[in-house]
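Predicted, not measured: the structure shown is a model, and the values here were computed from it. Keep in mind that the numbers below use all heavy atoms, side chains included, and drop hydrogens, waters and symmetry copies.
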Amino acid sequence: MERIAKIPMPAISPILGSAEIWKYRNKMEYTFSNRCWLTREQLESGEDFPDRDAAGFHISGAFDKVLDINKCLLQDDLGNRVRLFVKNYAKNNGIPFYDLRAQQGLPRTLMIRLASTGESMVVLSFGADDKNTIKTMLDAVRAEFPNITSLMYVINTKCNDTIADLDIKLHSGREYIEEEMEGLHFRIGPKSFYQTNSLQAYELYKVARDFAGLTGQEFVYDLYTGTGTIANFVSRHARKVIGIEYVPEAIADAKVNSAANDIDNTEFYAGDMKDVLTDEFLERHGRPDVMIVDPPRAGMHADVVATILRAAPRRIVYVSCNPATQARDLAILHEKYDVTAVQPVDMFPHTQHVENVVRLDLRPQTGGSEAETRAEL
């Protein structure tokens, strides 16, 4: 905050720690590789390692290096059992693991999502459209784990592992799982963003709601709303909430989440933030009293920050997974806003990462009273 933002800051509250530091993640992604990365200890052992198939994590900074994982302590053990079953099934049936350099092979990535409700989602990515082998493998997963809520797959023949732009198909079960928070139920699809630490996400959202200082009369914008989790979470305390998000599937889930929870004071819009949040949008839908923003690691686009400054909401609550880009944006927002509270939240135990929640209040001298500011705009 001091090094990058270079603006007056209040005392930063102590980091809010996570009650659970093991098995806290609701989402894990693993990569299959036919060339297992060997650790220094393995190389120095002098042993021969003929089995080079791996199902695990990328080595930092090396796209084609995958470390095989036997037991992961970051997620409930169901994740381990599913991963090892898929790995052993492929090996026992001669199904080639993906070759990250040659761009060939079948099992490519595995995503496992586990909700606090007990529901689970498994998404397998394949490097080729081998329909018979894929069906047989998925049938075997379903037979071994009949309680999986959602079993899905995707064909990915691109040069990268991302599946956000691909068609994800349902093998069996539902196309979504549900999370629960304060009696609210949130539908999560394979492409939906949801905080990966469910229990700590509740603490994070409570901080954001408290910083917003809602009384039930405020008009709120929730930027980068994802599946509408924050928007629906604060809706009971606001007059109206508008959520904006880039991913259309997430916005569809956000609308479903509102309907499923009998929430009728929310509206959601899909599109690139800098293209949706414009002066015309503000004039058409109304200018907010409070803005809650939770952008990706890159922070907010300069055009978005400029529009927020013109909109001049009374208060901004900025939730960030990257305090460096947050600080950059705070320096720009300082044109009209003072930072009045800072609360870091540890969402990722055992890592250097931290979420940071900042409250910004509009300075009266930037435009007189709130009524005068809006009349001026």
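Using the six-membered ring where Trp is involved, Tyr205 and Phe233 have ring planes that are tilted, between 30° and 60° apart. Ring-plane geometry between Phe281 and His285 is classed as tilted, the angle between the planes lying from 30 to 60 degrees on a 0 to 90 degree scale.
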- Task: Run the numbers on Glu144 and Arg81 for salt bridge (Lys or Arg N to Asp or Glu O under 4.0 Å), then give the verdict.
- Result: CA-CA 10 Å; Glu144 183 71 16; Arg81 289 186 282 121; over 6 Å; no
- Message: Under the criterion salt bridge (Lys or Arg N to Asp or Glu O under 4.0 Å), I'd like the reasoning laid out for Asp139 against Lys135: C-alpha separation, chi angles, the key distance, then a yes or no.
- Response: CA-CA 6 Å; Asp139 288 347; Lys135 181 181 185 305; 2.8 Å; yes
- Query: Could you walk me through whether Thr266 and Ser258 pass the side chain to side chain donor-acceptor pair (under 3.5 Å) check?
  - Reply: CA-CA 7 Å; Thr266 58; Ser258 285; 2.7 Å; yes
- Task: Could you go through the salt bridge (Lys or Arg N to Asp or Glu O under 4.0 Å) check for Arg187 and Asp253 one step at a time?
- Result: CA-CA 6 Å; Arg187 179 178 294 191; Asp253 285 343; 5.1 Å; no
- Message: Using the rule given for salt bridge (Lys or Arg N to Asp or Glu O under 4.0 Å), can you reason through Lys23 versus Asp77, listing the C-alpha separation, both sets of side-chain angles and the distance that settles it, and then say yes or no?
- Response: CA-CA 8 Å; Lys23 301 182 179 180; Asp77 195 54; 6.0 Å; no
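Results of the side chain to side chain contact (heavy atoms under 4.5 Å, CB included) test with Arg108 over Asp99, Val154, Asn156 single out Asn156 as the only residue that passes. Each of Val122, Ile163, Ile168, Leu138 was compared with Met152 under the side chain to side chain contact (heavy atoms under 4.5 Å, CB included) criterion, and only Ile168 meets it. Here the rule is salt bridge (charged side-chain N to carboxylate O under 4.0 Å, His left out) with Asp68, and of Arg52, Lys87, Arg35 only Lys87 fits it.
Heavy atoms only, all atoms of each residue included: Leu214 and Ala238 are closest at CD1-CB, 4.3 Å. For the residue pair Val241 and Ser235, the shortest heavy atom distance occurs at CG2-CA, 4.0 Å. When every heavy atom of Met9 is checked against every heavy atom of Val339, the shortest pair comes out as CE-CG1, 3.9 Å. Nearest heavy atom pair, residue Leu362 against residue Ala312, reads CD2-O, 3.9 Å. The two residues Gly299 and Thr325 have their closest heavy-atom pair at N-OG1, 3.7 Å. Shown here for Pro10 and Val342, the closest heavy-atom pair between the two residues is CG-CG2, 4.2 Å.
When atom types are taken as modelled, the side chain of Glu182 and the backbone of Leu184 share no donor-acceptor pair closer than 3.5 angstrom. In terms of modelled atom types and a separation under 3.5 Å, the side chain of Arg83 and the main chain of Asn70 share a donor-acceptor contact. Without hydrogens or angle criteria, Asp76 side chain to Leu78 main chain gives a donor-acceptor distance under 3.5 Å. Checked by atom type and distance alone, the side chain of Asp346 never pairs as donor or acceptor with a backbone atom of Val354 at under 3.5 Å. The backbone N or O of Phe219 sits nowhere less than 3.5 Å from a side-chain atom of Arg287 that would complete a donor-acceptor pair.
The CG atom of Leu124 sits 7.0 Å away from the CE atom of Met137 when rounded to the nearest 0.5 Å. Atom CZ of Arg25 is separated from atom CD of Gln200 by 13.5 Å, given to the nearest 0.5 angstrom. Between the CZ atom of Arg315 and the CG atom of Leu360 there is a distance of 10.0 Å, given to the nearest 0.5 Å. Separating the CG atom in Asn322 from the CZ atom in Arg297 is a distance of 4.0 Å, to the nearest 0.5 Å. The distance from the CD1 atom of Ile155 to the CZ atom of Phe126 is 7.0 Å, given to the nearest 0.5 Å. Here Arg236 contributes atom CZ and Arg209 contributes atom CZ; the two are 8.5 Å apart, rounded to the nearest 0.5 Å.
The aromatic ring centroids of Phe32 and Tyr98 lie 6.0 Å or more from each other. Note: Trp37 and His58 fail the aromatic proximity criterion, with ring centroids not under 6.0 Å apart.
Using modelled atom types, one finds no donor on one side chain facing an acceptor on the other under 3.5 Å when comparing Glu179 with Thr117. Looking at Thr340 and Arg359, their side chains do bring a donor and an acceptor atom within 3.5 Å of each other. Ser192 and Thr227 share no side-chain donor-acceptor pair at under 3.5 Å. For the residue pair Arg310/Thr307, the side-chain donor-acceptor check at 3.5 Å is satisfied. Residues Asp329 and Tyr318 bring a donor and an acceptor atom of their side chains to less than 3.5 Å of each other. Using modelled atom types, one finds no donor on one side chain facing an acceptor on the other under 3.5 Å when comparing Asn356 with Ser320.
Heavy-atom contacts from other residues, nucleotides or ligands closer than 6.0 Å to CD of Glu2 number 12 or fewer. Surrounding CD of Glu20 are at most 12 heavy atoms belonging to other residues, nucleotides or ligands under 6.0 Å away. More than 12 heavy atoms of other shown residues, nucleotides or ligands fall within 6.0 angstrom of atom CD in Glu203. The 12-atom threshold is not exceeded at CG of Asn132, counting heavy atoms of other residues, nucleotides or ligands nearer than 6.0 Å. For CZ of Arg3, the number of neighbouring non-hydrogen atoms (other residues, nucleotides, ligands) closer than 6.0 Å is 12 at most.
Phe57 and Ile59 fall within a single hydrophobic cluster, where Ile, Leu, Val, Met, Phe, Trp and Tyr are joined by side-chain heavy atoms under 4.5 Å apart, directly or via other members. In the hydrophobic clustering of this structure, Ile251 does not group with Ile244; members are Ile, Leu, Val, Met, Phe, Trp, Tyr whose side-chain heavy atoms approach within less than 4.5 Å, directly or through other members. Using a 4.5 Å cut-off between side-chain heavy atoms of Ile, Leu, Val, Met, Phe, Trp and Tyr, with links allowed through other members, Met347 and Ile21 fall into different hydrophobic clusters. There is a path of hydrophobic side-chain contacts, each under 4.5 Å, that joins Val234 to Val345. Phe268 and Val319 are assigned to two separate hydrophobic clusters, defined by single-linkage of ILVMFWY side chains at heavy-atom distances under 4.5 Å.
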